[in-house]
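Note on naming: letters A, B, ... go to the chains in the order of the sequence lines (proteins, then strands), and numbering restarts at 1 for each one. As the structure is a computational prediction, the values presented were derived from the model and not from experiment.
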Amino acid sequence: MKQKTFSRRLIGRVLAYLLAILIALWILIPIYFITVAAFSPKDVIYSWPKSLLPQTISLETLLFFINAQYVLDSLWNSVKVALLTLVISLVIGAPAGYALARYIFPGKDAFRIIILSTRAFPIVILSIPLAVTFMQWGLYDKLISVALLHVAMALPTTILVTSSVFIGVSKELEEAATVFGCNRVQAFTRVALPLALPGLAASAIFTFVLSWNEVFAATILTIQNRTLPARMFVQLAASPIPFRFAGGFFILVPAVVFMFFIRRYLFSLWGITLK
Amino acid sequence: MAEIQVKNVRKTFGKVKAVWDIDLTVHDREFVVLLGPSGCGKTTLLRCIAGLEQVDQGRIYIGQRDVTDLPPKQRQIAMVFQNYAVFPHLTVFENVAFGLRMQHKPKDEIKKRVQDAAELLHIEELLDRYPAQLSGGQRQRVAVARAIAVDALVLLMDEPLSNLDALLRLEMRAELKRLLQEIEATTLYVTHDQVEALSLGDRIAVMRSGQILQYDTPLNVYDKPADLFIGGFIGNPPMNFLDGEVRTEDGQVVVHTGGGDIYPPPDVGAMLSRLKEPSVLVGIRAENIETLPAPAEGALQAEVLVVEPLGSHNLITMQLGTEQVKVNTSADFKAQPGQTLWLRLNIDKICWIEKATGRAMYPD
């Protein structure tokens, strides 16, 4: 009997790992090929059959891409928009989430639903009147306008995620902080905030990736100051193949790097990773 | 250290009267326990004193200073919370040092006082660890160390032992008692556990429905409960209550119960005969009933229903006339269900309760 349950558990575990590996490969293989292609010279990219390992590594394709008009500018634009979006949505969203988690106030339930209602607007519908308004306000074709729209898209999740993060931080801890000499603000910054950090980081990743990937609003709200995805959305289809690979690589890398960088916070539970 | 005075304090949550016009004084260096069933308002009262709740009316004084409108940090209190509330992102050292750091004490002093508190609670070896690496009992020690490390006037404890398992609770109870005697802190301690209250407190305030029903020494609360509720709430098993009717026969006061007649001593008899309504409840604890195998003078006949051996003694449930009573006997007392025994009530230990009001009466 014991042998049987043991072997069954072993099979279950093997299957789970197999599944995980399959999913990882499904995601990683295309990324791998894009990366290899991005570092291959033109003639290798066009050659057929492809080999699995990179034949010759060269920066020719990447340099070609980078030196193309506007690429570095729009890459920089993308970073700026994503960071702006991240900061604004955390500055607005985290206090709102904290209020939802800690206080009982009139209209709390209505507030929770109204937050979600902005998500009910398709961006297509939202973007056009926004474009008009931004033109009138002189914000059109500015990065801040794209960031603001991204904030509008990200806020509902930011608020709801941070609220559940703060619910997870026991109120008793903040009370203990006030008993031992903190005022309300200090209790928040010294106790609640550090404990909420992993959750807030997760929410920040989400916002960053959302802004980084968003194409439609960015395309409508800008002409000159496009973010990288918006520019590529317009230009890649009309570009030579090596240029497309290099572009794909450039869109991929920052998101992946950012995730690795911030993942530590996501998985770290205090005292466990600190060992 | 200092005195706590609560004057006419009221706190409501919507329509719920959590604390209703309570007066309470805890003397300097006294250990007072707030005891009551859940929802009686004991924790709310403690939180009002800590400043974690705003009172609706009344004043609170700590060491003669009116702290009613001050935030917790200005009240010079320390508190131990029910779920420990040890900061998970700080080491044990930093947890204990938290209050001292907030007071901007010099480094050397912080180090010394953390060491002292850690020694008192035997957690010196844990100072570099994080709370996630500690057991429940160790976290509780950290929470207590953090509270005694600061210069607090009073120490507030909210069910500090309720999350520990039974064995650990027993150990921590004794250790807390030793510790608090050593540091001579004015302490207000909330619990729903009557054994904790009896064993720890200098005085116990028994609460129900937002009010204090009795405020007295543990022995008095146990032996002379102020009313029916306290008699039934404190003690294991709870006090037995027999329905009784007061009569005067040949100039002598007699109390008729379902199981037989009880003859109170003269001062009690005089007190009972003055009652407007002659109905009383005869309250008697299981250990104040003597069990006899044969008839004896003044003993009441009863039949054994259930015998529960508890190791140190036996708990026997008996049918006494129309009533059931629980009686303690020595562990080697042999009894079988169905057997007839005779019970002698210790007259001096009876708690006489006026049935109409539920109030206990004691001769002057």
Measuring heavy-atom distances to chain B, does [X] have an atom under 4.5 Å in its side chain, in its backbone, in both, or in neither?
| X | value |
| --- | --- |
| R190(A) | both |
| T178(A) | both |
| Q186(A) | side chain |

Quick check: are there more than 12 heavy atoms from other residues, nucleotides or ligands sitting under 6.0 Å from [atom1] of [X]?
| X | atom1 | answer |
| --- | --- | --- |
| F105(A) | CZ | yes |
| D128(B) | CG | no |
| R113(B) | CZ | yes |
| K171(A) | NZ | no |
| K108(A) | NZ | yes |

Exercise. Do P194(A) and L90(B) come close enough that some side-chain heavy atom pair is under 4.5 Å?
Worked result: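 SC-SC contact between P194(A) and L90(B) ruled out.
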Exercise. Residues of residues 49-87 of chain B under 4.5 Å from chain A (heavy atom pairs)?
Worked result: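 Those residues of residues 49-87 of chain B which have a heavy atom under 4.5 Å from chain A are L52(B), P72(B), K73(B), I77(B), A78(B), M79(B), F81(B), Q82(B), N83(B), Y84(B), A85(B), V86(B), F87(B).
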For this session: Identify the residues of residues 137-148 of chain B whose heavy atoms come closer than 4.5 Å to a heavy atom of chain A, ordered by number, or report 'none'.
Result: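 Those residues of residues 137-148 of chain B which have a heavy atom under 4.5 Å from chain A are R146(B), A147(B).
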For this session: Look up atom CD in E172(A) and atom CG in D158(B), then write down how far apart they are to the nearest 0.5 Å.
Result: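 Reported value, rounded in 0.5 Å steps: 7.0 Å.
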